[in-house]
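Here is the structure we will look at.
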Amino acid sequence: MKRKLNKKNMHNIKDIRDNIDNFIQLISKRNVKLDKNNIIELDQKNRKLIKEKENLEKEKKEISKTKNKALFQKSKKISLEINKINELQLETKKKLDNLLSSIPNIPLNDVPEGKDDNSNEEIEKKGTIRNFEFKPKPHYELGTSLDMMDFELASKTTGSRFVFIKNKFALLERALSNFMLDNHINKNGYTEISPPLMASENTMFGTGQLPKFETDQFEVKLDDKNDRKFLIPTAEVILTNMVKDRILSKKDLPMRLVASTPCFRKEAGSYGKDTKGMIRQHQFYKVELVSIVEPQNCVQELERMTKCATGVLDLLKLPYRKIVLSTGDMGFSAEKTYDIEVWLPSENKYREISSCSSCSSFQARRMKARYKNDKKETLYVATLNGSGLAVGRALIAILENYQEEDGSIVVPDVLKPYMNNLEKISNN
RNA sequence: GGAGAGAUGGCUGAGCGGUUGAAAGCACCGGUCUUGAAAACCGGCAAAGGGGCAACUCUUUCCUGGGUUCGAAUCCCAGUCUCUCCGCCA
């Protein structure tokens, strides 16, 4: 289905109109400057043209009702006039839409203001950082010497930023994925989904990957040039869009979905960043959580979701910290984001392993995802997404935090049932 | 890849040139009845946009885009998607 992307806005012009100064001020927190006069002008012109058009349409309608042949010629003339005005109106509307769709979501009040990640704030630190009696090795050294991780082979078959995971590491990866899934399904009330790994252009637009971040996406080459499909950069895209173009009833909410899928990212703009090891790959597994809720429940759902994510780290006994992203570091669609960072001994620092965001109704507007509330009003839903967790990075964290001096890896207790009760991964 | 059938409101489904924004049913909401519930009966129930303080009112919308017509859910053309049968295939 081909759709005009700019038909939809992430911001409602009605709300902006009501208090434009306030709106501009809120958006300025995200380092985006808006041209007030331009917005007002386009909005007024648009409405003026709509009015003109509607008056003519009414006149025309009445003529056809009378079935008076004498007036038929006039009706034809009116049609031409309508066409002219309509063209102008659509053009104006398009300009307005383009302008509005370049504006990111409004941050919540309690989000720290700042230009970049320097203004992020640490909220919580948990778990015990292990005191190593030897120099902890990075995951890629552990993996290579056990012959369970092969980067050279991957670059031979595919290219850079890919990896072969072999033998017990592959089992560990699978165990992690299954462990997390079971946890979210059985304890946290999420429903498991096995979704398509490709998404249409319109779907990518819904969650905000398109049109602005097209260069980060892998596009699949298709015979039909009008048909565009992309490998999902995260299951968020496909899970969130499950409610696209729907009007849900209240009893469908909250909807909580979980999927473990490969994710594909170009990592454009990350050249030279994390080139060693599997921290930053073009392909990685991730267990993704998505919640569809009533807008007023956004904040509490974000807290809940973040707890679901950190709960996994608690069970794996991995040390981590939780930070809240500043207005300058948040993603385009988010109103508030928590990042969870896991401790990596080889780097002697915390690295992102999960990101949980509330997007309020921002994505829902693009997707036209709505529900009927108690008063039977049709409102946009709110969407949230979070990693629960990034499997690739969880694997790294296990390897580094559970390594022994001889290069073997102790299997965390909670994973043993998923690994035929294996105690330790070693060369033997 | 070949051959057909279809796309209508939250859902199912009628309508196939003129008060049709759209029958009927389900779901949902309100009421009567009931100790309470169910059943039965009565009533309500689309979205987007414009105008109005408001009650309200106007316009658009029956997959999308074009065309025919004074007038299109209904006719014509193009496209998208779905289903059935055959072929191919994990």
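Values in this document were obtained by computation on a predicted structure and should not be read as measured data.
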### Task
Specify the separation, in whole Å, of atom NZ of A:K368 and atom C1' of B:rU61.
10 Å
### Task
In plain terms, say whether A:K93 and A:D97 are close enough for a salt bridge, that is, a side-chain N and a carboxylate O under 4.0 Å apart.
yes
### Query
Which part of the nucleic acid does A:K14 contact within heavy-atom distance under 4.0 Å: base, sugar-phosphate only, or nothing?
sugar-phosphate
### Query
Counting only heavy atoms not in A:K244, do more than 12 fall under 6.0 Å of its NZ?
yes
### Atom pair distance, as rounded to whole Å: CD in A:E52 and C1' in B:rU59
14 Å
### Query
Separation of A:Q89 atom CD from B:rG49 atom C1', in whole Å?
9 Å
### Query
Of the nucleotides B:rC70, B:rA48, B:rG50, which one has an atom closest to the side chain of A:S75?
B:rC70
#### Entry: Distance between P atoms of B:rU19 and B:rC26 (Å, rounded)
27 Å
### Query
Rounding to a whole Å, what distance do you find between A:N202:CG and B:rC81:C1'?
13 Å
### Task
Could you tell me whether A:K53 contacts a base, only the sugar-phosphate backbone, or nothing, with contacts defined as non-hydrogen atoms closer than 4.0 Å?
nothing
### Task
Determine the contact category for A:R246: base if any of its heavy atoms lies under 4.0 Å from a base atom, sugar-phosphate if only primed atoms, P, OP1 or OP2 are that close, otherwise nothing.
nothing
### C1' atoms of B:rC29 and B:rC16, separation to the nearest Å
34 Å
### N or O in side chain of A:K60 less than 4.0 angstrom from B:rG71 OP1/OP2
yes
### Phosphate contact (B:rG49 OP1 or OP2) by A:K51 side-chain N/O below 4.0 Å
no
### Query
Start at the 5' end of RNA chain B and walk down; is the nucleotide closest to A:I63 or to A:R370 reached first?
A:R370
#### Entry: Spacing of A:L248 atom CG relative to B:rG9 atom P, expressed in whole Å
16 Å
### Query
Base, sugar-phosphate alone, or nothing: which one does A:K69 contact when heavy atoms must sit under 4.0 Å apart?
nothing
### Message
Salt bridge check, A:K115 against A:D329: does any charged N sit closer than 4.0 Å to a carboxylate O?
### Response
no
### Query
A:I247 side chain: which of B:rA27, B:rC70, B:rG10 is closest?
B:rG10
### Query
Does A:E352 CD have over 12 foreign heavy atoms under 6.0 Å away?
yes
### Task
Sort by first number and list every stem of RNA chain B: at least 3 consecutive Watson-Crick or G-U wobble pairs, both distances under 3.5 Å.
B:1-7 with B:80-86, B:10-12 with B:24-26, B:28-32 with B:40-44, B:46-51 with B:56-61, B:63-67 with B:75-79
### Task
Salt-bridge test for A:K74 and A:E59: reply yes if a basic N is under 4.0 Å from a carboxylate O, no otherwise.
yes
### Task
Inspect the contact between A:D110 and A:K336 and indicate whether a charged nitrogen and a carboxylate oxygen are less than 4.0 angstrom apart.
yes
### Query
What about A:E54, does its side chain sit under 3.5 Å from the base of B:rG51 through a donor-acceptor pair?
no
### Query
Mind checking the P distance from B:rU74 to B:rG9? Whole angstroms is fine.
14 Å
### Query
Is A:R30 paired with A:E113 through a side-chain N to carboxylate O contact shorter than 4.0 Å?
no
### Query
Has A:Q296 got more than 12 heavy atoms of other residues, nucleotides or ligands less than 6.0 Å from its CD?
yes
### Phosphate OP1/OP2 of B:rG18: any A:K67 side-chain N/O under 4.0 Å
no
### Message
Can you measure A:K229 atom NZ to B:rU80 atom P for me and round it to whole angstrom units?
### Response
11 Å
### Query
Using atom C1' of each nucleotide, how far apart are B:rG67 and B:rG49 to the nearest Å?
26 Å
### Query
Are A:R47 and B:rG51 close enough that a side-chain N or O sits under 4.0 Å from OP1 or OP2?
yes
### Query
If you measure from the Lys or Arg side-chain nitrogens to the Asp or Glu carboxylate oxygens, is any gap between A:R280 and A:E267 under 4.0 Å?
yes
### Message
Measuring to OP1 and OP2 of B:rA47, would you say a side-chain N or O of A:T378 lies under 4.0 angstrom away?
### Response
yes
### C1' spacing across the pair B:rA3 / B:rA14, given as an integer number of angstrom
29 Å
### Message
Any salt bridge linking A:E423 with A:K416? Criterion: basic side-chain nitrogen under 4.0 Å from a carboxylate oxygen.
### Response
yes
### Query
What integer distance in Å separates A:K65:NZ from B:rU59:P?
7 Å
### Task
Could you state the atom-to-atom distance from CG of A:L80 to P of B:rG67 in whole Å?
11 Å
### Message
Among B:rA46, B:rC70, B:rG51, which nucleotide has an atom closest to any side-chain atom of A:K372?
### Response
B:rA46
### Closest listed nucleotide, where the reference is the side chain of A:I50 and the choices are B:rG71, B:rG49, B:rU59
B:rG49
#### Entry: Pairwise C1' distance, B:rG17 and B:rA22 [rounded to whole Å]
15 Å
### Task
For nucleotides B:rG52 and B:rG36, find the distance between their C1' atoms and express it as a whole number of Å.
47 Å
### Task
Using only side-chain N and O atoms of A:R17, determine if any of them is under 4.0 Å from OP1 or OP2 of B:rG50.
yes
### Query
Of the candidate nucleotides B:rG71, B:rC58, B:rU60, which contains the atom at the shortest distance from the side chain of A:S64?
B:rG71
### Query
Taking atom C1' in both B:rC75 and B:rG15, what distance in whole Å separates the two?
15 Å
